[in-house]
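Here's the structure we're looking at; comments come further down.
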Amino acid sequence: MAQVLMKDLNKKYDEVHAVKDVNLHIRDKEFIVLVGPSGCGKTTTLRMLAGLEEITAGEIHIGDRLVNDLPPKDRDIAMVFQNYALYPHMTVYDNMAFGLKMRKFPRAEIEQRVRDAAQLLGIQELLKRKPRQLSGGQRQRVAVGRAIVRHPQVFLFDEPLSNLDAKLRVQMRVELKKLHNRLETTAVYVTHDQVEAMTLGDRVVVMKDGWIQQVGEPLELYAHPVNKFVAGFIGSPAMNFADVTINDTGGVVTAESQGLRLQVPPAKAGALRAYKGQSVAFGVRPEDVHIATGADPAGLTFDAVVEVVEPLGSEILLDVRAGSSTTTIVARVEPTVRSKVKDSIKLAVNPERLHFFDPKTEQAI
């Protein structure tokens, strides 16, 4: 296997600057996920790595080789596409063996590699079938198997689960993670689904408008987003945001808006004093908002009116309006909570999990 290094990578299509100064070091045997909304540049970055898109500027190294000018077949990579890209007239066995036959591998080695990959993926009984006789999940396994038999230095995945139904996506997500742990390969995976990114990646690369916003382990991105975009993109349901004014009275720093007044904990108060009298963006995740109890400090509670109740079995999501304001906040509460639409309730926030963002740069304060 091998490390991958992208240095000052850029891609332009005429006037469109799709990928901007991407610098990324993917470690040997690491499973890294590129995530972001449509048009953020993640798939273009993957295709440049694969050699399917020409690089406008920058360098790509796979192992100790500069691969900028190498064709895809010479980069020692294998790619799994969104639409599987199986040959409909070939059997599963022939689909998996095709790349090896093109490279003139001995017949015995081809058969051994295909059988080993089929056993690893649990598709031994499908080898004589045609793609039209397979379910979506089975086709996806075949596509992965075709990549495995190559024994490449790097696996590339371009939204491979997006055509599967929700239940199968979860199942295949687990299978891909197990497979990576067994093969110990370097893998680069592209998705727009942040849940996929969080569950699969050793590290996650969040992209927006061609720029890398943040690179880190999933829980690092979740707990310490560097800006408002990452904070809102990572996490489901998404982080709640509200515009608040920072006040400092007698050394007590508060964040206030109509219907909301929260005391800022000491860990955040120092940095926020510089914004006294100014409006900043306040963020709190739904799981960090709970039904207030007598143990919650008064400065961390607020009154709310329930607007929507979403029972999910293991939890309930409450869409509430904070006091008399128009600000809507989602709270993730225990399934034992019995609240109805139009109920007046008191909520509290976790003081250790409050986020604030600069109003102009949107960087975390």
Side-chain angles (χ1 to χ4, degrees), residues 1-83 85 99 102-103 143-144 146-160 176 179-180 183-192 196-197 200-218 221 230:
M1 299 308 129
Q3 66 175 357
V4 175
L5 181 65
M6 303 180 199
K7 186 177 178 183
D8 299 326
L9 197 61
N10 282 266
K11 177 63 180 179
K12 290 183 179 180
Y13 300 97
D14 297 324
E15 299 303 313
V16 178
H17 200 166
V19 175
K20 305 167 184 172
D21 295 332
V22 164
N23 287 280
L24 183 62
H25 177 210
I26 301 169
R27 297 186 282 264
D28 184 27
K29 301 180 182 179
E30 185 174 31
F31 195 124
I32 200 155
V33 181
L34 307 182
V35 68
S38 297
C40 72
K42 57 189 186 297
T43 296
T44 302
T45 301
L46 190 78
R47 289 176 64 84
M48 285 193 287
L49 176 56
L52 300 175
E53 291 281 357
E54 189 176 334
I55 298 169
T56 303
E59 296 179 356
I60 296 179
H61 297 259
I62 298 177
D64 56 0
R65 296 188 304 162
L66 176 66
V67 300
N68 284 29
D69 299 321
L70 290 181
K73 66 184 181 65
D74 296 331
R75 295 194 180 199
D76 203 5
I77 53 95
M79 192 161 181
V80 180
F81 295 91
Q82 179 178 349
N83 60 359
M102 289 289 95
R103 288 168 175 77
V144 172
R146 185 177 54 191
I148 289 174
V149 299
R150 296 268 311 280
H151 295 180
Q153 289 195 82
V154 182
F155 283 102
L156 308 180
F157 297 92
D158 185 14
E159 303 203 32
L176 282 176
L179 189 63
H180 177 254
L183 296 176
E184 294 187 322
T185 54
T186 305
V188 185
Y189 187 105
V190 161
T191 181
H192 63 272
E196 245 174 57
L200 280 172
D202 297 325
R203 286 189 300 153
V204 177
V205 180
V206 183
M207 297 186 70
K208 178 192 177 189
D209 298 334
W211 297 100
I212 288 181
Q213 301 293 304
Q214 187 173 0
V215 182
E217 295 178 4
L221 298 186
V230 175

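Reckoned from all heavy atoms, side chains included, excluding hydrogens, waters and symmetry mates.
The one candidate from V4, D76, T185 that meets the side chain to side chain contact (heavy atoms under 4.5 Å, CB included) condition with V154 is V4.
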Do M207 and V22 pass the side chain to side chain contact (heavy atoms under 4.5 Å, CB included) test, and can you show the C-alpha distance, the side-chain angles, and the key distance before you say yes or no?
-> CA-CA 10 Å; M207 297 186 70; V22 164; 4.2 Å; yes

Applying side chain to side chain contact (heavy atoms under 4.5 Å, CB included), run through D202 and K29 and close with a yes or a no.
-> CA-CA 10 Å; D202 297 325; K29 301 180 182 179; over 6 Å; no

Under the side chain to side chain contact (heavy atoms under 4.5 Å, CB included) criterion, do L46 and F157 qualify, and how do the steps go?
-> CA-CA 8 Å; L46 190 78; F157 297 92; over 6 Å; no

For I26 and M6, run side chain to side chain contact (heavy atoms under 4.5 Å, CB included): C-alpha distance rounded to whole Å, both residues' side-chain angles, the deciding distance at 0.1 Å, then the answer.
-> CA-CA 8 Å; I26 301 169; M6 303 180 199; 4.2 Å; yes

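Relative ring orientation between F31 and H180 is described as perpendicular, the plane-to-plane angle rising above 60° on a 0-90° scale split at 30° and 60°.
A heavy-atom distance below 4.5 Å is found between the side chains of L49 and I62. Residues R27 and Q3 are not in side-chain contact: their nearest non-hydrogen atoms beyond the backbone lie 4.5 Å or more apart.
For R150 (side chain) and R146 (main-chain N/O), no donor-acceptor pair under 3.5 Å exists by modelled atom type. For D209 (side chain) and C40 (main-chain N/O), no donor-acceptor pair under 3.5 Å exists by modelled atom type. Of the possible polar contacts, one joining the K11 side chain to the E54 backbone as a donor-acceptor pair under 3.5 Å is found. N68 places a side-chain N or O within 3.5 Å of a backbone atom of G58 that can act as its donor or acceptor partner. N23 places a side-chain N or O within donor-acceptor distance of the main-chain N or O of D8, the cut-off being under 3.5 Å.
The shortest non-hydrogen separation linking L52 to P72 is CD2-CG, 4.0 Å. Shown here for V204 and P218, the closest heavy-atom pair between the two residues is CG2-CG, 4.0 Å. Shown here for A147 and V80, the closest heavy-atom pair between the two residues is CB-CG2, 3.9 Å.
To the nearest 0.5 angstrom, R75 atom CZ is 6.0 Å from L70 atom CG. The structure places CG of L5 at 12.0 Å from CG of D64, a figure rounded to the nearest 0.5 Å. Here the CD atom belonging to Q153 is positioned 9.0 Å from the CG atom belonging to D28, to the nearest 0.5 angstrom. Note that the CD atom of Q213 and the CG atom of L221 stand 11.5 Å from one another [nearest 0.5 Å]. For the atom pair NZ (K42) and CD1 (I212), the distance works out to 13.5 Å, reported to the nearest 0.5 Å. Atoms OG1 and CG, from T45 and L9 in turn, are 6.0 Å apart once rounded to the nearest 0.5 Å.
With sequence neighbours left out, E59 forms a side chain to side chain donor-acceptor pair (under 3.5 Å) with H61.
In K20, the NZ atom is crowded: over 12 heavy atoms of neighbouring residues, nucleotides or ligands sit closer than 6.0 Å.
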